[in-house]
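Written below as structure tokens is the structure these notes are about.
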Amino acid sequence: MVRPVPGLVQAGIRQQSDIVALVMRNAAFLLVSLVYLSQSGRTVTGVVLFGLTVVWSVWRLRRRDLSARYLVCDVAIVVVAALLEFAIVPATVADITQSVTRVLAYPVVVSVAISRQKRWSFAVMAAVTVSSAVGDQLLFGAPSSTVMIFALNWWAATWIRRMVLKAAAASDTADAEARRAQLRERVAVARIRYEREQFATLHDTAASTLLMVANAGRLDPERLATQAARDVAVLTDSSNIVGSDLEVDLVAGLERVGAECRTLVTVRSSGPVVVSPLIAGSVMAAVREALNNVDRHAFATSVQVDVTPDLVTVTDDGIGFDPTEPRLGFGLRFSIEERMRRANGSAEISSSPGAGTTVSLGWVAPSVEVEASSPTDVGRVLRSFQYGLAFAQVLLLIQLVLIVFGVDGIKWGLSTVTAAMLFGTWVVVTLLVRERFMFLRWLWVVLLAVLDHWYLVTLPTSDFLSPQNWVTNAVGWAVVAVLCGWVGSWRRVWIGTAILGAMWVIDTVIMVWRDPSGPVIEWAGYNLAAIASMQFAGLFCGWLLAEAVHRADDLGRGQHAAETRFAVEQALQQDYRKRFERLTTEVIVLLRGLADRSLQAGDVRVQERAQAEYSRLRRLFAQADSFEHPLMQRLRPVFDAAADRGVDVTFDVQSRPPDLADQDIEPIAAAIDHLVEGSNNRVRLVVSSSQETVTVSVVSDSTDNVRALVRDALADGEFQLTVADTVTWLRVHLPVPIAA
């Protein structure tokens, strides 16, 4: 069975877990070893073993090498210490669960369980359990039942790991689905933008030149040839990188545009103006059209282009015009106003006869441009970590209560009240995660701390070194479970650590104040070195998990941006650039003839060709808005494929029909797919609409098999299918959804 490749969040959390686990166990090694070396009851064997452990743990903390061979060495230290228990721990030890060999082993079992696969962590737990049982046999003559603590610790830690990785997998899945949806949307938007840009480019170049030729006015042959050559250069330029996310120096771009103008152009700016590709492309194209108008109509001697971070003005000293007169054509709408609108900008034109013209292009200059994306769900992972800690704490409490009281020894008292509150932490965590009751979080922390300290104040000193002194450890884990979903920043991590540390310090002071003996001090030191250090690591782990998810999200954004650029480029290469090449083939042939003067503008046949091409372009401009309609976007690929096969494809679409419901679009689109794919010679699509209905009419040459497929696709709706010889006429009326 092939194991699925983890997503970015899973991979990041696993890597972070490895680092947390390494630091947790080796920090505990160092602290436990230092406590042992400072105590009075040390042995020669213990001094040698823990002296070497100090050196090893310092080296491990500095290197932080995650290699498996070093992990094996960490486990070997614990196994050796457990087997040498008889030579390190006195047989009179009051609580073997808090002996130096035990507290050295707890962090290893827990850290391996949260960072490694279950089969490997189980093997480590089993090795530690068996070696501890052997050590107990050598020390006491029989294994202690407390070795089962390792199994419970392992189970609790693996539960936490399972919940966190499960949440990470769900987060990866949801994030991948969101990014796929974004990718489809970005590709669709890019296709529309590219198509409209090509229409605007055609208007800026070929349409104006062809109109001049078609009108057969007085033309300067040199000017016409220069203009036609420049049109060809613009239409065949492939230097634009579609989907680029690199910011552009607008000043440098406008200087290149100005160099194309026959009139003297001066670009003025206080320095580079860096903008997004969308703004740069729209502004440069609008300025190019403004300069084209200067060359063709203004009779100006100079043009001044002023550039600021959010405004470009183009001012000429030409003859100007009367802005109150009706404007004919598509120049302002397609080349200037529409382009600036797509860049979330605006265009204003001011002029008067004899006073020149000023074109002002403005846009909003964003302080920070952030790519739209669905952020990865950090909360999902942290909530799972909280649930896991709370559940693990319940398991450990069951273990401690049974060890302390036994099955029949539980009686009403402070210990029972404290145990009940600790069990209730699961409920508190659930409420905090679901409802975010902040006051409950701090109230519960205060109550736990008060009960913990009061328990130590009232506990007989004779029980300090016995299993009766279990509350401090349990309360610490309960506090971690309550706080770990709150420590979402570095500052909060330190606040949570300070709270937890203060509780441990107060507990230690209470114990030492009531019984300042060496064994009590050593017992408190081992607790701080092993248990408290793991609880501090638990708090840091919550923050590090959030950081791992954030880093995965950043990496996912980068990958998503790269995938989007590739998908957009691929889509445009496959579909829209081919369409644009077909659209401009005849136009470019005509322009090249005018540029090299092999075709004369005064030739009647040339004028007729120019008029025909210009009329065709005007029809495309008039229908440009309709191409953004969801039905047209759905049908364009199949029509393009038919055109590639040599089928004569024509459109007659009312400008931007009303939008349709998705459930209405797909059946008619599937039927049209069959008609287009089954056509050999010609297909004509006509779309008309009223306020209540959109009528789609398709005429094609097709066979009976194709018509059967059409009937199946529209079986659940009403349609008209007329057949005359090989000609099929499909007519469907689709209702316009009523806005709520």
Side-chain angles (χ1 to χ4, degrees), residues 17 20-22 24-29 31-33 36 49 53 71-86 88-89 93-140 142-162 388-389 391-404 466-467 469-470 473-474 476-477 480 523 526-527 529-535 537-538:
S17 298
V20 170
L22 185 151
M24 176 193 295
R25 62 175 171 269
N26 284 279
F29 280 4
L31 295 174
V32 169
S33 299
Y36 180 84
L49 176 62
T53 302
L71 173 58
V72 172
C73 294
D74 290 343
V75 176
I77 290 175
V78 173
V79 170
V80 170
L83 294 175
L84 294 177
E85 186 179 297
F86 69 94
I88 299 173
V89 178
V93 62
D95 182 6
I96 190 62
T97 63
Q98 294 300 114
S99 67
V100 64
T101 55
R102 288 287 206 274
V103 296
L104 192 72
Y106 297 146
V108 169
V109 173
V110 172
S111 65
V112 175
I114 66 173
S115 63
R116 298 286 172 166
Q117 294 179 5
K118 184 178 291 186
R119 63 177 181 272
W120 300 117
S121 64
F122 178 82
V124 170
M125 182 273 296
V128 172
T129 301
V130 170
S131 59
S132 297
V134 173
D136 290 350
Q137 177 73 35
L138 296 175
L139 180 62
F140 302 116
S144 170
S145 61
T146 61
V147 294
M148 297 308 297
I149 293 177
F150 295 124
L152 284 170
N153 288 342
W154 170 80
W155 186 23
T158 54
W159 177 267
I160 294 174
R161 171 183 168 84
R162 177 178 177 273
L389 276 176
F391 180 75
Q393 189 240 6
V394 169
L395 291 178
L396 293 176
L397 277 173
I398 294 173
Q399 155 204 295
L400 289 170
V401 169
L402 291 178
I403 290 175
V404 173
S466 73
N469 193 359
W470 57 275
N473 294 349
W477 284 116
V480 172
W523 190 94
Y526 286 139
N527 263 328
I531 308 302
S533 65
M534 284 197 295
Q535 292 174 1

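Since the structure is predicted, the reported quantities are computational estimates derived from the model, not experimental observations.
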Value for CG (L138) from CG (L83), rounded to nearest 0.5 Å, stands at 7.5 Å
Q.
Between R102 and E85, is the side-chain contact (heavy atoms from CB on, under 4.5 Å) condition met? List the steps.
A. CA-CA 9 Å; R102 288 287 206 274; E85 186 179 297; 3.3 Å; yes
Check your understanding: Is any side-chain heavy atom of I77 less than 4.5 Å from a side-chain heavy atom of L104?
Key -> yes
Can you label the angle between the Y106 ring and the F150 ring as parallel, tilted or perpendicular, going by 30° and 60°? tilted
message: Between V100 and Y526, does the side-chain contact (heavy atoms from CB on, under 4.5 Å) criterion hold? Intermediate values first, please.
response: CA-CA 7 Å; V100 64; Y526 286 139; 3.5 Å; yes
dist I88:CD1 -> L49:CG (nearest 0.5 Å) comes out at 5.0 Å
OH of Y36 to OG1 of T101, rounded to nearest 0.5 Å, is 10.0 Å
key: Beyond-backbone contact of D74 with F29, side-chain heavy atoms, under 4.5 angstrom   = yes
Distance col, row I96:CD1 vs S132:OG, nearest 0.5 angstrom, shows 8.5 Å
Tightest non-hydrogen contact, residues V103 and A530, listed as O-CB, 3.3 Å
Of all heavy-atom pairs linking S121 and T158, the shortest is OG-CG2, 3.9 Å
Heavy atoms of V89 and L139 approach each other most closely as O-CD1, 3.4 Å
Rounding to 0.5 Å, atoms CG (D136) and OG (S131) come to a distance of 9.5 Å
**Message:** Atom CZ of residue position F140 - does it have more than 12 heavy atoms of other residues, nucleotides or ligands inside 6.0 Å?
**Reply:** yes
Nearest heavy-atom contact between A133 and V147 is N-CG1, 3.9 Å
State, yes or no, whether a side-chain contact exists between W154 and V112 at a heavy-atom distance under 4.5 Å. no
What one should report as the nearest heavy-atom pair of S33 and T53 is OG-CG2, 3.3 Å
When every non-hydrogen atom of P107 is compared with those of M24, the smallest separation belongs to O-SD, 4.3 Å
Rounded to the nearest 0.5 Å, the CZ atom of R25 sits from the CG atom of L71 at a distance of 4.5 Å
